[in-house]
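Comments concern the structure below.
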Amino acid sequence: MAENNTNSNPEIKKANFIHAHIDADLAEGKNDCRVHTRFPPEPNGYLHIGHAKSICLNFGLAQKYGGKTNLRFDDTNPSKEETEYVESIMNDVHWLGFDWGDRLYYASDSFPKLHAFAIKLIKEGKAYVDDQDAETISEQKGTPQKSGIESPFRNRSVQENLDLFQRMTVGEFDEGSKVLRAKIDMTSPNMHMRDPIIYRIMKAHHHRTGDKWCVYPMYDFAHGQCDYWEGITHSICTLEFEVHRPLYDWFIDQLKDSDYRPRQIEFSRLNLTYTVMSKRKLLELVKDGHVNGWDDPRMPTVSGLRRRGYTPESIRNFSDKIGVTKVDGMTDVSLLEFSVREHLNKTAQRVMGVLDPLKVIITNYPEDQEEILSAVNNPEDESMGRRDVPFSNEVYIERNDFMEEPPRKFFRLGPGREVRLRYGYLIKCNEVIKDENGNITELHCTYDPESKGGKSSDGRKVKGVVHWVSAKHAVKSEVRLYDRLFSDETPDSHKDVDFKEFMNPDSLRIIENCYIEPFIKDSKALDHFQFERLGYFNMDPDSTSEKPVFNRTVALRDSWAKAQKK
RNA sequence: UGACCCGUGGUGUAAUUGGCAACACGUCUGGUUUUGGUCCAGAAGAGUCCAGGUUCGAGCCCUGGCGGGUCAACCA
């Protein structure tokens, strides 16, 4: 799996700053020299390419240091979480090539321990029940520039706090009427240390614990403790949690009873050009019907990329290429596209297909004759063998492979010009047939019988080689060309801009009547193809259509951006 | 008028205990080729946010600026 591919590429596996931290910890003999990471998604949406970076990082670190990685669902907020998401997340992690073994955890499994820990804090005078409403508490918290003031309920007796928290727990109070707070420091320069709320009343149905609980722990009160109980050594998260770290450490200090302690390390999340990466906004795209579900091939979700034709290996390689830092940057999506081209170029079978057919009649080829030509399946890999391609007197070529008045650097077909039909003969265009509106309907050409197999009778060379299919044999199919969902380079993922303004109206083009080589019917096992000169495609795994449906994974080159500039 | 974090070619990252700023993507040029792809060869492009300081020597250490990000959900 992953380890093979990373080891084989020396470019990858560069050390990053997290390796440096871990190396230092190991050198000091911390935590019995264990390395144990975790991937902790909240099951409130599908995983996207940003999560893939985190997955590759966490599992990759454990692989490198001979440690383990847990999968943990951070399900402390029942109002947002659903079982559907849990299942999709597990599928996606597996598809990416990683396995958590028997280490599947849910924060909700720790609710009893968390609750007991809260009671311990109350008994130690380190937590209290606050009766004020959200607005009042917020006001008393102050601002980053101005320190907060203490709640009038801050110094309730332990006995009263215990009683109130117990009654909160059994549902005696309304939502929002009381919270449990840690007693830390209302004057701290760090807002998160100003008596953070650790339990709130929520009478919601939880996807796993049902209606058992009326109080739920906050993220800050659950995450580090779960790390601790699972034996995590390095808790790797994104930069916005940096200011939470003192609180993370504070809770661990209250909890720990040995030398072992987990440590939070932050890295910068992935930002991609032309890509929206916030779950909230992706959910909006799905709910408002701008795309056909979370796994729409235009989505940056792992499942979308899979349907689009991305391979797990290409995503892992991408993740290694972009590295891990604390710099808040913007990665060009062409780097992701390069990764999949790089992989598919080596592995994808070449096939000929014509998206926009123009009929060519070869006038000197007998109408009732046909023959079999031999084509290479992958010029990079001889072991993939050859295949038979039928040829006859009528073929389709790509409409834009012909120009009536070719410009200077156009090497393909035009009146009186000669090109090679790939794997076949040289043909020369003698006549252009048009309908009454002047649209070209077909070409009449002659072929050179001596030119089969790359040769020519007199040694002449042609610069143009075009792909084609035999009109009599070709299979009609449907092709879906996907472009970027957004035309603006950076529809800011995490700020409140109306990203819909930037949506690309042509992000999906369905081309219904394409023609492809007939062999495809018998090649269900192969799912990635390079259609010669058109790009990489995969058979849509979810298609229910009679005829084959292909999604374009990525163009041969990054032509989209270039076309936009013009 | 706070605290914390971050500033290296267009982009993403490297640079042993300070030692000629390296790699990949992208761009451009040429070659091979039964695809304008692939492959091969080559080029341009930063002197490391700025200003001082320490040092024989600073991207790396120190000081002071500047710029960007994060933090004021009973979200994670």
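Values below: every heavy atom of this structure, side chains too, minus hydrogens, waters and symmetry copies. Letters go in sequence order (proteins before strands), and every chain restarts at 1.
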Whole-angstrom distance between [N] and [M], as gauged at atom [atom1]:
N	M	atom1	value
B/rU29	B/rU11	P	22 Å
B/rC5	B/rC40	P	44 Å
B/rG45	B/rC28	C1'	11 Å
B/rG59	B/rC50	C1'	14 Å
B/rC56	B/rC20	C1'	15 Å
B/rU35	B/rA76	C1'	49 Å

Picking from A/Tyr536, A/Trp468, A/Phe550, what satisfies ring pair (Phe, Tyr, Trp, His ring centres under 6.0 Å) with A/Phe531?
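With A/Phe531 as partner, A/Tyr536, A/Trp468, A/Phe550 yield a single ring pair (Phe, Tyr, Trp, His ring centres under 6.0 Å), made by A/Phe550.
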Would you check if the side chain of A/Thr238 reaches a backbone N or O of A/Glu240 as a donor-acceptor pair within less than 3.5 Å?
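Judged by distance alone, no pair lies under 3.5 Å.
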Please tell me which of the listed nucleotides, B/rU35, B/rU70, B/rG2, lies nearest to the side chain of A/Glu532?
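For the A/Glu532 side chain, the nearest candidate turns out to be B/rU35.
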Taking the six-membered ring for Trp, are [X] and [Y] ring centroids under 6.0 Å apart?
X	Y	result
A/Phe111	A/His206	yes
A/Tyr425	A/Tyr447	yes
A/Tyr248	A/His244	no

May I ask you to evaluate whether [X] reaches the phosphate of [N], defined as a side-chain N or O under 4.0 Å from OP1 or OP2?
X	N	result
A/Ser138	B/rA73	yes
A/Arg200	B/rA76	yes
A/Arg422	B/rU35	yes
A/Thr331	B/rU11	no
A/Thr76	B/rA76	yes

Can you tell me the base-pairing partner of B/rC25? Count Watson-Crick or G-U wobble geometry only, both distances below 3.5 Å, and say none if there is no partner.
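Matched B/rC25 with B/rG10 under the 3.5 Å cut-off.
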Provide the Watson-Crick or G-U wobble partner of B/rU54, both distances under 3.5 Å; none if there is no partner.
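With both distances under 3.5 Å required, B/rU54 matches none.
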